[in-house]
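Have a look at the structure below before the remarks.
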Amino acid sequence: MEPVQLLGPDGTLRADPRWPLEVTPELCRDFFRRMSLARRFDDEALALQRQGELGLWLQSLGQEAAQVGSITALRADDHVFPSYREHAAALCRGITSAELLVQWRGNAHSGWDPAEYRFHIYTLVLAAQLPHATGYAMGVQRDGADEIVTVYFGDGSTSQGEANESFNWAAAAEVPLLFFCQNNHWAISTPTQTQMRAPLHQRALGFGLDAHLVDGNDVLAVHAVTSAVAEQIRAGGGPALIEAVTYRMAGHSTSDDPGRYRNSSELDDWSTRDPIARLEALMVDRGYIDDAFRDEVAGECAALAEETRRVCRELPIADIAGLFTSVLAEETPLLAEERRQYEALVASYVD
Amino acid sequence: MEPVQLLGPDGTLRADPRWPLEVTPELCRDFFRRMSLARRFDDEALALQRQGELGLWLQSLGQEAAQVGSITALRADDHVFPSYREHAAALCRGITSAELLVQWRGNAHSGWDPAEYRFHIYTLVLAAQLPHATGYAMGVQRDGADEIVTVYFGDGSTSQGEANESFNWAAAAEVPLLFFCQNNHWAISTPTQTQMRAPLHQRALGFGLDAHLVDGNDVLAVHAVTSAVAEQIRAGGGPALIEAVTYRMAGHSTSDDPGRYRNSSELDDWSTRDPIARLEALMVDRGYIDDAFRDEVAGECAALAEETRRVCRELPIADIAGLFTSVLAEETPLLAEERRQYEALVASYVD
Amino acid sequence: MPVLTLSHAINTGLRQAMEDDPKVVVMGQDVGRLGGVFRVTDGLQKDFGADRVIDTPLAEASIVGTAIGLALRGYRPVCEIQFDGFVYPAFSQIVAQLAKLRARSGGRLAVPVVVRIPVGGGIGAVEHHSESNEAYFAHTAGLRVVCCSGPQDAHWMVRQALAGDDPVIFYEPKRRYWSKAEVSDEPDLPLDRARVVRPGRDVTLLTYGGMVATCLQAAEAATEDGRDIEVVDLRTLSPLDMDTIARSVDKTGRCVVAHEAPTFAGLGAEVGAAVTERCFYRLEAPVLRVGGFNTPYPPAKFEDRYLPDLDRVLDAVDRSFAW
Amino acid sequence: MPVLTLSHAINTGLRQAMEDDPKVVVMGQDVGRLGGVFRVTDGLQKDFGADRVIDTPLAEASIVGTAIGLALRGYRPVCEIQFDGFVYPAFSQIVAQLAKLRARSGGRLAVPVVVRIPVGGGIGAVEHHSESNEAYFAHTAGLRVVCCSGPQDAHWMVRQALAGDDPVIFYEPKRRYWSKAEVSDEPDLPLDRARVVRPGRDVTLLTYGGMVATCLQAAEAATEDGRDIEVVDLRTLSPLDMDTIARSVDKTGRCVVAHEAPTFAGLGAEVGAAVTERCFYRLEAPVLRVGGFNTPYPPAKFEDRYLPDLDRVLDAVDRSFAW
Ligand SMILES: Cc1ncc(C[n+]2csc(CCOP(=O)(O)OP(=O)(O)O)c2C)c(N)n1
Ligand SMILES: Cc1ncc(C[n+]2csc(CCOP(=O)(O)OP(=O)(O)O)c2C)c(N)n1
Ligand SMILES: [Mg+2]
Ligand SMILES: [Mg+2]
């Protein structure tokens, strides 16, 4: 199966009758803006980690098209279960930079209210969110709602039993669920060919899921395919999987040293398929972009960067009491006693 | 995909050029004998359970062709990982009725030495044996041996994460492993359509495994396909999966009451596809079977039944000390102390 | 007050919970058409439909994982794990997701999922069908772990578990499924309290689940030696009801804890350590533990000797007095 | 005697084991090209090849499950679990298969698999990367559970684990990976023995892994109050070396056990209960437990307060004396 591609690396547009998309100036500018903001935010977070303001950061660099193109194809009330690298998707849902950073600064385990954004907290245990999304979709199904559920995950996660149980379960139960895999070719140092012999979209078909392969660095293709598939699911067509082929341009995380396991030529090669440059080329060609717009977006990026730096140093941190009170609905006697003992000990220092 | 069938339910033989098999009188008689012995053994074990001599029994009734046809296509040194219903396969490997019954009488957790028969002990945790078989095959691969490994499991087990991890891992590592699924349509009260949307052989292809569907009640087809696939794996062709379509003619176990969840018409329907009757029809038609041979097999069955009844009541049971000494290579001080305390307590009763 | 078996008492408890709250759904292997291998969910699918009593695929990790998703959607799933030894594939979903989601979300998310587990031995089963794994979950912060011992508690505790907002590991002693008793129209204790099932003066015998009946028999037998044993049914294993426990030990000065699980790092260790901290000066002897041997659960023919019986319980009581 | 970091000491231990026995294979996520996220297997694939140092698919259940299969074939696999919080998907393979296969086969099968787990907190990590789950495995009959605290033990214990015929859960305190010390040319203790790392007269402080250094600091600090603390590094968590432990407590009469894991039903509970049984009349105070709070492991900014530090350890010592 060839990946669906509407926008070539050089920025030339090839319409595909199977995946209709009205490529308006507004749409292109919207994608350009969202991807630019996401990249700038990612840059800034990286810098903050390097300055010691964040404990860890996992970059979305290079995966902006896969995330922006897909999440914008969903309805605002379609619940989303991300993995941990979906910063671009999160920003599209209105999650703030402060909410995105707090977990990585170590102030909290998660930063936002899933109900407010219809966007679940990040899941770090690989593939654990797939059964959650499947169950949530079972709920949607039982409610007779016309929402769909989307779950994001990476290529490496697909080797986990829980991922495959979910492919099977979702197909058997015919729940309104979209599996969205960002195949960025790497799981830390492990290349996709070590994870699997056959491509994921082929496996998905084997489970009885509708499956599609798309160029994950082509925001237009990702959007067109996700829009069509989402509506098909909403219409009762059953669960589907989209494999978006992209590339992890940075290390796995700020703790990683990709130089140990992959050579730069691969990186150079993928640089030529950059999702933003590609869209910009089209926009230049079509006259959808001018200096005024560039300045406008640059201004927004600068503002976001400034805000990101500012909020990072002021990120809220809860009182330690919260540790004891958020274990169960009610603090147990044992926890209350532990808290009192600890507070007494701390108090004793001052004397 | 249509299941490979060489022998129709009515006993008519249709050769299939893709699956050559020399149907000799000897081959038919051998299969007839093995399947008849397996069925008689199964009958006898059931009776023993009903008489309270066994705590539980899981019948292989109806699945004789799938097991006999496949295991006889393997080499004696090809290691096998069974599930828990592979009595017919076990008998073909020379495992004795005593060794097969001891676990179900509750005298021991397992009955035979896996090394002696190249047949692992039964695994009751569904799908747990698939990673074991995959790892064993990694060992065979590293040893450069020309053995292959075969793992048996049921349709229901394929919903487990560990089963799917193994399909993926085996394909990625290209180990010499044959996945043999007996799809007997039921997992206790759960029908296959509740487990999966697409048939297993299709899923296997999706993982990059070579996959085949065979009429599991046709011993000739099972044997022909397994022989060819086994040799292909041995020749370095990589792992494969065979889905044998059969039927669980009895309840799940002697504790089960299938009347609660399936109607007898299904059973009647499958009775017309009985693996033994089918082969016998062919043998009659070809003159491969006469009263002398029937009497001979009947005699062997009677002898096996007699032996089964006899050994069941005399099954060996280890001393309780074995409980403490088979936890780790050496009995720990805690276990030794527990054993002494217990023995002292028991001794105190006599006084 | 109807007389019910423990199995049926849970069945009526689930039925009532489903009638009271349309968000309660039952799910697991063979819980629908078959009504579960122990018939605990018998008839529920017929009356509430296949959407609320769900026969699932054969995958424990996903049974718990999808239950979490359903809970996030506002449902109150009660999952059945067919046998104790088959909960392990769901371990990651239980300890890393179910138990932690409230804390991980800073208290924003509640995940009211009840995981029902038929537990323990005594039914002559094959391997993996007689395990007592409560200590794993008791050591996991974020879960409530409870164990019923008779019909009254079975009925009310499952309803209380389903009414609360915490994830609950709900243990059902399978060898007592067919034991009968009256079930009252009102709960007589909250979910987080232990119960003194037999008052006594001389020694406190702490136990739960299938061992409660055994310990009551032991207490009766001990009267012959003039010993008055107080038997406490812990009911809630995490958190422990230390007030009720300590009150008893402060009274008797001696304590024996009995369970089916191996003693090493078992729940009895926690009880013993905690009781010693609370009642140190009052203890005439160390808290003694009686449990399954520290071996894997044995073949059926050995289980009568493996499981603590009246003799082993009384032997511990004797040792406590002999100290 | 070379001075090595704990991480490198394990690396040289694995290297030596692989040279001594061609059946030893290393497997796990990113253990090959990358040399593991903590570099414990650095360089091994280069020197022993990809067949013996295996970069596996991302599936813990199968990492342990295939290791079992390799062991049944005659290999001696050592699996790396990347972080403590990710061992749970392999839980069923570990407790129902790895731990039980010897017993389930009536002693016929040995499954010498070593499961290496970087354990505990103190490195400012995100959730699931700082767990202390030793109690789960200690409660599981059929496993040896050990934890190293410094380079000498790290090097020799991993070699001893690989030389034996039992499955071993091998814990490596990740916050000590970069601590340095000499590694001798000979092992100075067998795998199943605890070590008195600091002799003392007044109170016994039992601990292991990352807490050993903390407890030694506490012992030094306590000398100012004229208290002479004996620090014992348990090393083997299952089985426990009760002789060494009891000998110490019989001498001091007081005992505090400290670990990172939550105390409820934690390993400290077993130690406390067992010590109380062995040394009841000698104890001047109950065995006191110091551990992580009974909550899920907190965000990084809280871990200095969550993990028992010098103050909390000494506070427990004070309470023991004040009893
Ligand atoms: C169950 C589990 N095992 C191991 C890890 C450690 N780990 C974190 S990210 C990662 C690689 C994931 O790769 P992929 O799924 O492709 O996502 P990507 O990082 O490429 O976005 C690993 C092994 C984990 N988080 N969870
Ligand atoms: C992990 C696990 N979950 C549940 C069970 C209980 N159980 C035993 S057999 C069975 C059905 C298995 O069906 P299938 O795999 O089709 O094999 P069959 O019995 O039909 O041969 C179930 C649910 C188990 N043994 N292991
Ligand atoms: Mg990836
Ligand atoms: Mg079946």
Side-chain angles (χ1 to χ4, degrees), chain A residues 1 125-131 134 137-138 153 155-177 179 181 187 190-213 233 236-241 243, chain B residues 1 125-131 134 137-138 153 155-177 179 181 187 190-213 233 236-241 243:
Chain A
M1 202 193 281
V125 178
L126 293 169
Q129 75 275 24
L130 277 74
T134 306
M138 289 167 71
F153 53 99
D155 46 289
S157 316
T158 65
S159 295
Q160 290 284 350
E162 292 186 6
N164 294 285
E165 283 189 6
S166 295
F167 298 152
N168 182 60
W169 184 303
E174 299 183 310
V175 295
L177 175 59
F179 292 101
C181 177
T190 309
T192 311
Q193 55 271 28
T194 300
Q195 299 290 346
M196 62 191 93
R197 176 114 184 262
L200 180 67
H201 59 273
Q202 176 184 326
R203 189 195 314 177
L205 288 172
F207 277 106
L209 294 167
D210 178 34
H212 302 279
L213 182 66
I233 295 171
L241 178 142
E243 175 178 359
Chain B
M1 201 192 284
V125 178
L126 292 169
Q129 76 274 24
L130 276 75
T134 305
M138 289 167 72
F153 53 98
D155 46 289
S157 315
T158 65
S159 296
Q160 290 285 351
E162 292 186 5
N164 293 285
E165 284 188 5
S166 295
F167 298 151
N168 182 59
W169 184 304
E174 297 182 311
V175 294
L177 176 59
F179 292 100
C181 177
T190 310
T192 311
Q193 55 272 28
T194 301
Q195 299 291 345
M196 63 192 89
R197 176 116 185 260
L200 180 66
H201 59 274
Q202 174 183 326
R203 188 197 313 178
L205 288 172
F207 277 106
L209 294 167
D210 179 34
H212 302 280
L213 183 67
I233 295 170
L241 179 141
E243 176 178 358

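Below, chains carry the letters A, B, ... as their sequence lines are ordered, and counting in each starts from 1.
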Look at the side chain of A/Gln202 and the backbone N and O of B/Leu205, then say whether any donor-acceptor pair between them is shorter than 3.5 Å. yes
Polar side-chain atom of A/Gln195 near backbone of B/Ala172 as donor-acceptor pair, under 3.5 Å: no
Quick check: closest heavy atoms across B/Ala198 and A/Gly206, and the distance to 0.1 Å? CB-O, 3.3 Å
In terms of heavy-atom contacts, B/Arg197 and A/Phe207 come closest through CB-O, 4.0 Å
Nearest 0.5 Å, please: how far is CG in B/Asn164 from OG1 in A/Thr158? 11.5 Å
Checking heavy atoms, do the side chain of B/Thr194, its backbone, both or neither come under 4.5 Å from chain A? backbone
